[in-house]
Every structure is written in structure tokens, then in C-alpha cells.
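Source: prediction; values computed, not measured. Basis for what follows: all heavy atoms, side chains included, without hydrogens, waters or symmetry-related copies. Letters go in sequence order (proteins before strands), and every chain restarts at 1.
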Number of protein chains: 2
Amino acid sequence: MATGRTHRPATRSRGIPEATVARLPLYLRALTALSERSVPTVSSEELAAAAGVNSAKLRKDFSYLGSYGTRGVGYDVEYLVYQISRELGLTQDWPVVIVGIGNLGAALANYGGFASRGFRVAALIDADPAMAGKPVAGIPVQHSDELEKIISDNGVSIGVIATPAGAAQPVCDRLVAAGVTSILNFAPTVLSVPDGVDVRKVDLSIELQILAFHEQRKAGEESEADAALPPVGAHGAGSAAAAAEATGSGVSAQAPAAVPTDAGATTAAPAAAGAGSGTGAAAAASAGAGRKGPDGDVPAVMPA
Amino acid sequence: MATGRTHRPATRSRGIPEATVARLPLYLRALTALSERSVPTVSSEELAAAAGVNSAKLRKDFSYLGSYGTRGVGYDVEYLVYQISRELGLTQDWPVVIVGIGNLGAALANYGGFASRGFRVAALIDADPAMAGKPVAGIPVQHSDELEKIISDNGVSIGVIATPAGAAQPVCDRLVAAGVTSILNFAPTVLSVPDGVDVRKVDLSIELQILAFHEQRKAGEESEADAALPPVGAHGAGSAAAAAEATGSGVSAQAPAAVPTDAGATTAAPAAAGAGSGTGAAAAASAGAGRKGPDGDVPAVMPA
DNA sequence: TCGTGTGAACTATTTCACAGCA
DNA sequence: TGCTGTGAAATAGTTCACACGA
């Protein structure tokens with residue numbers, strides 16, 4: 001593998017920035033809501049507000065798709081819904097399989113937004129024989145032995161992994177071998193996939209940790225300097241609407257802004273520890289002496 | 001606020017970039033795994049592989065935390081686990097409440113990684129009286145009437161919303177009013193919160209749509225002159241994919257790289273359509289005339 | 001007159017590449 | 001000798017601000 005350092009001619013894709021692609025679903029949702037209310041047109045300002053972004057960004061995003069608006073007026077809701085749907089590939093049907101029908105898998109299977117927008121749950125797969133045949137969300141669970149057959153029979157190219165961490169990689173490998181080229185991973189593991197396969201991950205634990213980081217900062221700031229922000233006792237600021245005004249003002253800064261959900265995707269972890277491990281138990285000697293750390297104790301952070 | 005464009009002394013936070021913060025949990029997980037295997041030290045190369053990033057990025061990330069490595073050797077696993085945990089604020093206990101104990105809420109409550117790493121499920125809350133008292137994951141569900149009391153009694157500052165979309169904003173408002181300053185939202189809605197409150201969202205539908213976008217690109221590249229795309233009687237613009245160009249045959253490129261999970265957070269949608277709606281059924285007249293689109297019909301994209 | 005579309009400026013993030021320490 | 005730590009260069013993404021068309 002190695003070879004060049006994966007320079008890659010850079011973000012191919014017709015040129016729509018990833019950041020923009022990630023926001024299209026947001027716009028689409030807001031537009032769909034407007035459409036349902038039969039609103040004929042929206043301005044970038046209004047739509048941006050509904051989608052939770054600022055209008056300049058929205059206009060820039062749309063500019064990558066083409067010129068679908070009308071100066072002095074705004075955007076035609078229906079037309080834009082169509083254009084974005086098409087751009088996202090939602091005008092076609094995407095059969096998906098969900099592997100791992102535990103609590104989470106069942107929740108995903110029942111998730112309404114799943115069926116809408118072109119996604120169709122082609123099958124629910126679980127390794128537990130006892131689950132086989134049991135209907136979840138109206139769909140009978142199938143045993144994982146069938147995985148390959150299901151994938152090819154249905155032309156599935158998107159797989160959702162909701163298995164325990166340990167089973168994720170093996171399942172992923174099988175999915176990929178069977179032809180899946182896009183994976184949504186809910187298991188707390190870094191998946192290694194061949195080039196050309198996309199992986200996106202959703203990780204509760206990571207999200208919480210990011211929140212904790214900011215939460216900790218807030219707490220520290222209280223006493224430090226600016227008091228304004230977190231108003232004592234309970235109750236958070238009141239200003240809710242305040243921010244309104246649009247653009248400027250509010251903003252707020254400490255907004256998480258944009259944080260990668262990431263996706264080791266494609267490139268994927270190359271060597272990924274792979275070998276090694278052989279070490280096995282051994283080294284009960286515990287870890288390093290008290291390195292620079294004045295504290296040898298070390299925390300806890302119990303593993304999952 | 002208004003004043004300068006919210007310059008804010010800049011990202012307060014000691015200066016650790018958001019992108020880095022978002023990766024710390026990843027490193028932590030990899031390190032914890034190594035720690036369990038009693039591996040004493042790791043090089044940036046190894047750890048990076050395990051975390052699914054490249055070593056340069058990892059070293060740069062760590063450099064924001066301080067100089068915790070040893071040249072020529074690597075990083076002391078235990079020590080690094082501690083440092084990152086501390087940085088993320090995981091050395092303290094974070095009580096969290098999960099609101100909305102449906103399929104998803106139950107899955108979250110049962111999620112192991114939840115309890116670990118300093119997070120503790122302080123309470124499960126649901127609006128359905130029938131749920132009250134029923135234990136989920138060993139914790140009895142409490143009625144939402146108790147929400148405020150639970151928040152303050154337990155000093156909860158992090159809330160998880162797993163309710164249906166419609167209930168999300170009201171629940172969010174109550175959580176915030178009760179003192180919660182960090183919210184993890186699983187409901188497919190843009191939450192509006194006051195300044196100082198962080199919101200992160202996890203949205204299955206959005207992730208799938210992003211995958212679909214890339215999947216579509218892959219399909220189109222295969223045959224270059226897209227054929228499979230949506231014929232659709234309507235369809236305004238022509239060229240659709242076409243442009244693709246394909247650049248590097250090797251495809252690859254379309255790696256999602258880093259895409260924001262985002263978080264409208266803070267600023268949040270101000271006006272957000274709010275009112276309106278009253279329109280109700282009315283306007284069956286359908287939307288605007290056939291604007292530039294030669295197609296008045298418009299697609300489907302059924303709403304959720 | 002109003003709001004889109006967009007070049008340009010600015011900010012954030014990633015990658016390079018190499019000096020320097022254990 | 002090997003690997004960290006980090007300026008500097010290269011990219012990516014956001015925001016500004018304003019010309020232009022309906």
C-alpha cells in the first residue's frame with residue numbers, strides 16, 4: 001500500500017465541498033417542512049434560520065449546486081427540494097441492511113426517517129439464531145448466514161452496523177466483500193476498509209466526551225473571568241430569542257461550530273495494530289514508571 | 001453582544017482546536033485498549049493507526065495538550081490516558097439524563113460506553129405516564145413532571161434528547177431552563193438554545209444522505225457518463241453528474257474526510273418559522289408556478 | 001428595492017518536513 | 001538512531017461585502 005502518501009488528486013466529487021454536502025440534508029429537511037406548509041418561496045435568510053446556519057453560508061452552499069434562486073425574491077421551495085434531493089441521490093431508491101438487531105438496531109429499524117427519503121430497509125440481520133424470523137418493525141430478522149445472499153439479491157450498497165464493538169470489523173469485512181460500499185457504523189470501533197468504501201460513524205460516547213470538554217470549560221470560566229455566560233444557580237441564560245438578529249451579534253462563539261463526525265473512510269487505518277498483540281498478557285509489570293508525570297497514580301477511566 | 005461581530009476573545013478554551021477536541025475521544029479509546037493489554041508505550045505512528053488518523057495529525061493534536069511524549073521512544077500509555085481524560089473532563093463525574101425512553105432512549109440507556117468514562121445516567125425521563133416506574137437498563141423511568149427536580153437534585157448539566165422530533169424543542173427548553181448547558185440531540189430537529197448552551201446532534205437520516213451522495217458519485221463514475229441516474233420526467237437541469245470528470249480513476253478521493261456533525265448550537269435558529277403553520281390545509285393550490293424549472297410537477301421525497 | 005451569487009479576505013485544519021532530544 | 005514537537009506551507013471552509021438581475 002504505502003506508495004505515495006495517498007496524495008490523491010484531492011477532493012474529486014464534482015467540486016461540492018464536503019462541508020456543504022453535510023449541510024444539504026439539513027436544508028432539505030427545512031425545505032420539506034416549508035413544502036408541507038405550502039410555502040412557495042423562501043429567502044436565504046429565512047431558510048438559513050430554519051436550518052440553523054447563517055445565510056451567507058447557505059447561499060454559498062447553494063452556489064455550488066447552481067443558480068437556483070431568483071434575485072430579489074428567493075428560492076422556489078419545491079424546485080429546490082428537487083434539486084437537492086437529486087444532488088444527494090435521493091431520487092433513487094437505496095436499499096440498506098441493518099446488521100445487529102439489539103436495542104439500537106431495533107431502534108434504527110423503527111426509525112421513521114429511515115423509510116422516507118429514498119432509504120428502504122431491505123433486511124435486518126443478526127447473528128443470534130434465536131432472533132431469526134422474529135419481526136422487528138414489521139420486518140423479519142434474518143440470520144447472518146444469509147448476509148451475502150441478501151446483499152447481492154437486493155443490490156444493497158449501504159450497510160448499517162449496530163453490532164457490539166467486537167463484531168463490527170468482521171461484519172464490516174463481510175459487507176464489503178459482498179459488495180457494500182458505504183457503511184454507517186454505530187459500533188465504537190475504528191473500521192478498516194479498503195479504498196473506495198466510505199465509512200461514517202456515529203458514536204454516542206464521543207459526542208458526550210466532546211460535550212464534557214466544553215462543559216468543563218464553562219465551569220472553569222465561571223470563576224475565572226467573564227461571568228455573563230452561565231448564570232449561576234439553575235436556569236441558563238434567558239435571551240433565547242435574543243440572538244435572533246441573524247448574522248452578526250449572537251453568534252456566540254463557543255458554538256461547537258463544525259466538528260468532524262469524521263470517517264476514517266477510504267484510506268482507512270492501514271496497518272492498524274494488526275500484528276503485534278502477540279505480547280498477550282505478559283507485562284503485568286504495569287506500565288511505565290512515573291514518567292514526567294508528578295502523579296504515578298493515574299486515573300481510572302474504566303473501559304467500556 | 002452585537003458589538004464587534006462577537007469576536008469573543010476567540011475560542012476561549014485554552015486554545016485547543018475543535019477538530020482536535022473531537023479526536024481526543026478517539027485517541028483515548030485506542031489508548032485504553034492498549035492499556036488493557038498492558039502495552040507501556042506507543043509511537044505516534046502506532047497510535048495513529050489504531051485511531052484511524054495519520055501520525056502527523058496526532059502529533060499535532062497532542063502538541064496542543066503539551067509535550068507528553070518522549071523523543072525516540074513514544075508516549076507512555078497510562079500517562080497519556082490520564083492527560084487526555086483530564087483534558088476532556090472525564091476525571092469528574094457527569095450525571096446525565098435521557099429524555100424520551102422509546103426504542104432509542106432505551107438503547108442509549110443500555111449502552112455500556114455510557115456508564116464508563118465518567119458519565120452516569122442519573123435518570124430516564126419520559127412523558128408517558130405508563131412508562132413511569134418501569135425499569136429500563138435497571139433504572140426506573142420517571143415522568144417528565146419531575147424533570148426540573150431531577151435536574152437540580154442531581155446537578156445534571158448534560159441532557160440527552162431522544163424524543164420524537166415534535167417534543168424535542170419543548171424538552172430542550174425545559175432542560176435549559178432547569179440548568180442543563182449541554183445537550184446531545186437525537187431528534188431530527190434544529191434546536192434553538194440560548195447563548196452558552198452547547199448542542200450536538202446525532203442524526204441517522206443525515207448520515208445516510210451523506211453516504212448516498214457519495215454512493216451516487218461512485219455509481220456515476222463507474223460508467224462515467226452516468227446512465228443510472230434519475231431519468232425523471234421532470235428534472236430541470238441537465239448535465240447532472242456529467243461533470244464528474246472522474247479525475248483519478250482510482251476513485252478513492254471521495255473519502256468523506258471530515259464532515260461536521262455540526263451543532264447549530266448556541267446561535268441556534270432564531271425565528272425558525274415558529275409562527276406560520278396556521279395556514280393549515282388551505283393552500284392546496286400547491287406551490288409556485290413553474291419557475292425556471294420547466295417542470296411544474298416536482299419530485300416526491302416524501303416527508304418523514 | 002430586495003435578495004441572490006460570488007470574488008476576496010479571513011480563519012481553521014491538515015500536511016509537510018525537519019530540527020533536536022533521549 | 002528513532003521519534004517527538006513544531007514552524008511553515010498547503011488546503012479547506014467561513015464570512016464579508018457588494019455588484020447585478022428580477
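- Here the C1' atom of nucleotide C:dT13 and the CG atom of B:Leu58 are 15 Å apart, to the nearest Å.
- One interatomic measurement links the two molecules: CD of A:Gln83 to P of C:dG5, which rounds to 12 Å at whole-angstrom precision.
- A close approach under 4.0 Å does not occur between any side-chain nitrogen or oxygen of A:Tyr75 and OP1 or OP2 of C:dC2.
- B:Phe62 places its CZ atom 14 Å from the P atom of D:dT6, with the value rounded to the nearest Å.
- The phosphate of C:dA17 has neither OP1 nor OP2 within less than 4.0 Å of any side-chain N or O from B:Arg59.
- A:Asp76 places its CG atom 13 Å from the P atom of C:dT4, with the value rounded to the nearest Å.
- For A:Glu18, taking side-chain heavy atoms from C-beta onward, the closest of the listed nucleotides D:dG13, C:dT13, C:dA22 is D:dG13.
- The base of D:dG2 lies outside donor-acceptor range of the side chain of B:Arg71, with no N or O pair under 3.5 Å.
- C:dA9 atom P lies 21 Å from atom NZ of A:Lys57, rounded to whole Å.
- Phosphate contact (OP1/OP2 of D:dC3, side-chain N/O of B:Ser44, threshold under 4.0 Å): absent.
- A salt bridge links B:Arg29 and A:Asp203; the closest N-O separation between the charged side-chain nitrogens and carboxylate oxygens is under 4.0 Å.
- Distance A:Glu45 CD to D:dA17 P: 15 Å, rounded to the nearest Å.
- Closest contact between the side chain of B:Ser67 and the listed nucleotides D:dG7, D:dG13, D:dG5 involves D:dG5.
- The side chain of B:Ser63 lies closest to D:dG5, out of D:dG5, C:dT14, D:dT15.
- Of the possible donor and acceptor atoms, one in the side chain of A:Gln209 sits under 3.5 Å from a partner among the backbone N and O of A:Ser205.
- One finds a side-chain N or O of B:Asn54 lying less than 4.0 angstrom from the OP1 or OP2 phosphate oxygen of C:dT15.
- Of the candidate nucleotides C:dT13, C:dT14, D:dG13, C:dT14 has the atom lying nearest to any side-chain atom of B:Tyr64.
- Rounded to an integer number of Å, the gap from A:Asp61 CG to D:dG13 P is 10 Å.
- Put simply, the side chain of A:Ser35 never gets that close to the backbone of A:Leu31: no donor and acceptor are under 3.5 Å apart.
- Taking B:Phe62 as the reference, B:Tyr27, B:Tyr75 meet the ring-ring contact (aromatic ring centres under 6.0 Å, His included) condition, with sequence neighbours excluded.
- Take A:Thr189 and apply the side-chain hydrogen bond (donor to acceptor under 3.5 Å, both in side chains) test, not counting sequence neighbours, and it matches no residue.
- Looking at which nucleotide of DNA chain D each of B:Lys60 and B:Gly72 is closest to, the 5′-most match is held by B:Gly72.
- Within the structure, every side-chain polar atom (N or O) of A:Ser43 is placed at least 4.0 Å from both OP1 and OP2 of C:dG3.
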